[in-house]
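Both counts, for ligands and for their atoms, begin at 1 and track the order of listing. From a predicted model like this one, the values you see are computed outputs, not experimental measurements.
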Amino acid sequence: MTHVLLEKKEHVAIATINRPKALNALNSEVLADLNELVDTVNADSDIYALVLTGSGEKAFVAGADIGEMSTLTKAEGEAFGKKGNDVFRKIETMPIPTIAAVNGFALGGGCELSMACDIRLCADTAVFGQPETGLGITPGFGGTQRLARLIGPGMAKQLIYSARNIKADEALRVGLVNAVYPAEELMAAAEKLAATIAKNAPIAVRACKKAINEGLEVGMDEAVVIEEKLFGSCFETADQKEGMGAFLEKRKHEPYQNK
Ligand code: CAA
C-alpha cells in the first residue's frame, strides 16, 4: 500500500491515510489501498480493533480527489461513486470495531469515510462538512445515506444543502462525533478506546457489531431474532465460559482468547 500506513500495537491496528500533499484526498489509488487495508486487517485474526486516521496535522481526509473527478463523464462519475461506495461499505461491514480518529479536515469523502467507521473521535481542530453541492455534485461516497442515519434527516439535509462546514464542537452537538479531544491527545484517546474494546471477548464484540448493523436494516421483529442468534452463538465460545466462570468464582477473567 503506497498511501496507507499500517501499524500494529498488540491487538489494535492503526492505519494512517498518507497523501499529505493533497491533504489525504481520496483518488483511485488511495481507494485501492483502503480496499487492500481491509483485506489485510480482515485476514489477521489477531487484530481486534482498527483505528483510522490521516497523516499530518491538518487533515483526516479533505475529500475525494477533485482533480481526478473534474473531467469525469456521467458514466465515469457513477463508476467512481461505486468504487468509493464499495470500499466504504467494506469498511463499514468489517467484522471488527473501527474508530475514526479525525485529526483535521473531514470534508466530503473524508466525512463519509469517518461515517463508515463505527465510532468517530475528533481533535478540537477538526472540521466536518459535505461541500459537494458547492462543487456542483452530490455527496458520492454514502454521505446522503449515512449522515441522515447518523444525525437525522433534518440536520443532514441542512448540512448537505448548505454545504456548510462545522467545527468539532458543533459536530459533537449534532451527534456526528462521540467525543472531542485536544489535538495532541486524540491518538492516545483513540488507541486507549481501541485497547479497551480489544480486552473484551472479541467474538462477543464482533457479534454486537453485526447485531447492531444488521438489526438497523430490518424491522424490530426480525432485528431481535438477529440478536437472539448471535447471543446464542456466544455460548459455544471458550471466552464465554471463562468470562462467566471468572465472575462466579469471584476472580478476574484470564485474557480472552478469541475462541
Ligand atoms: N482533492 C484534490 N486535492 C485537494 C483536495 C481535494 N479534495 N483538498 C485539498 N487538496 C490539495 C489542494 O489542491 C492543495 O494542493 P496544491 O498544494 O498542489 O495546490 C493541497 O491539497 C493543500 O490544500 P489547500 O492549499 O487548499 O489548503 P488550505 O489549508 O488552503 O485549505 C481545505 C484546506 C479547506 C481543506 C481546502 O483544501 C479544500 O477546500 N479542499 C477541498 C474540500 C472539498 O471540497 N472536499 C470535497 C470533495 S468532493 C467529494 O468528496 C465527493 C464525494 O463525496 C465522493
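Using a 4.0 Å cut-off to heavy atoms of F141, the atoms of ligand 1 that qualify are 53 (O), 54 (C). Near G108, the atoms of ligand 1 lying under 4.0 angstrom from a non-hydrogen atom of the residue are 46 (C), 50 (O). With ligand atoms numbered from 1 in the order given, ligand 1 contributes 43 (C), 44 (O), 45 (N), 46 (C) to contacts under 4.0 Å with heavy atoms of P131. Against a heavy-atom cut-off of under 4.0 Å, E112 is close to the following atoms of ligand 1: 52 (C), 53 (O), 54 (C). Contact atoms of ligand 1 toward K58: 27 (O), 28 (P), 29 (O) (distance under 4.0 Å to a heavy atom of the residue). The atoms of ligand 1 that sit less than 4.0 Å from any heavy atom of M69 are 48 (S).
Where the criterion is an N or O separation shorter than 3.5 Å, residue side chain and backbone included, A64 meets it with respect to ligand 1. For ligand 1, none of its N or O atoms has an N or O atom of D65 under 3.5 Å away. Close N/O approach between E132 and ligand 1 is found [any backbone or side-chain N/O within under 3.5 Å]. Backbone and side-chain nitrogen or oxygen atoms of A25 are examined, and none is located within less than 3.5 angstrom of a nitrogen or oxygen of ligand 1. For ligand 1, the polar-atom distance check against G140 finds a nitrogen or oxygen pair separated by under 3.5 Å. In terms of polar-atom proximity, defined here as any N/O pair under 3.5 Å, I66 does make such a contact with ligand 1.
Under the 6.0 Å cut-off for aromatic ring centres, F60 and F128 do not qualify, their centroids lying 6.0 Å or more apart.
A salt bridge between D124 and K167 is absent, with no side-chain N of the basic residue lying under 4.0 Å from a carboxylate O of the acidic one.
The cluster map of Ile, Leu, Val, Met, Phe, Trp and Tyr, joined by side-chain heavy atoms under 4.5 Å apart, puts L113 and I160 in the same cluster.
A heavy-atom separation below 4.0 Å is not found between Q130 and ligand 1. Put simply, part of K21 is less than 4.0 Å from ligand 1, judged by heavy atoms. The shortest heavy-atom distance from A22 to ligand 1 is under 4.0 Å. Residue P139 places a heavy atom less than 4.0 Å from ligand 1.
In terms of protein heavy-atom proximity, atom 40 (N) of ligand 1 is nearest to A62 O, 4.3 Å. At the top of the distance list for atom 39 (O) of ligand 1, counting protein heavy atoms only, stands L107 CD1, 4.6 Å. With hydrogens left out, the protein atom closest to atom 23 (O) of ligand 1 is L23 CD1, 3.6 Å, a heavy atom.
Less than 4.0 angstrom separates atom 48 (S) of ligand 1 from at least one non-hydrogen atom of the protein. For atom 18 (O) of ligand 1, the nearest protein heavy atom is 4.0 Å or more away. Under the 4.0 angstrom criterion, atom 36 (C) of ligand 1 counts as lacking any protein heavy-atom contact. The nearest protein heavy atom to atom 25 (O) of ligand 1 is not closer than 4.0 Å. Under the 4.0 angstrom criterion, atom 30 (O) of ligand 1 counts as lacking any protein heavy-atom contact. In this structure, atom 45 (N) of ligand 1 has protein heavy atoms in its sub-4.0 angstrom surroundings. Distance check for atom 54 (C) of ligand 1: a protein heavy atom is found below 4.0 Å.
For the atom pair CE of M115 and CD1 of I151, the computed distance is 8.0 Å after rounding to the nearest 0.5 Å. Between E214 atom CD and E227 atom CD the span is 12.5 Å, to the nearest 0.5 Å. Note that the CE atom of M94 and the CG atom of N42 stand 4.5 Å from one another [nearest 0.5 Å]. Remark: L26 CG to I66 CD1 distance equals 11.0 Å, nearest 0.5 Å.
If you run side chain to side chain contact (heavy atoms under 4.5 Å, CB included) between L50 and each of T98, I14, V12, I91, only T98 comes through.
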List the steps and the verdict of side-chain contact (heavy atoms from CB on, under 4.5 Å) for K210 and L230.
CA-CA 8 Å; K210 196 172 161 65; L230 288 159; 4.0 Å; yes
Would you check, one step at a time, whether the test side-chain contact (heavy atoms from CB on, under 4.5 Å) holds for E68 with F80?
CA-CA 10 Å; E68 183 172 342; F80 190 64; 3.6 Å; yes
Start with the C-alpha distance between L121 and V177, add both sets of side-chain angles, then the distance that settles side-chain contact (heavy atoms from CB on, under 4.5 Å), and finish with yes or no.
CA-CA 6 Å; L121 307 180; V177 298; over 6 Å; no
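In this structure, of G109, C111, G134, the residue bringing a heavy atom nearest to atom 50 (O) of ligand 1 is G109.
Classified by interplanar angle (parallel below 30°, tilted 30° to 60°, perpendicular above 60°), the ring pair H253/Y256 is parallel. Ring pair F141/F88 is perpendicular by interplanar angle, where above 60° counts as perpendicular and below 30° as parallel.
Between the side chains of E29 and T2, no donor-acceptor pair is found at a separation under 3.5 Å. If you check the side chains of K259 and T237, you find no donor sitting under 3.5 Å from an acceptor. For the residue pair N24 and S55, a side-chain donor N or O sits within less than 3.5 Å of a side-chain acceptor on the partner.
The part of L135 lying near ligand 1 is the side chain, judged by heavy-atom distances below 4.0 Å.
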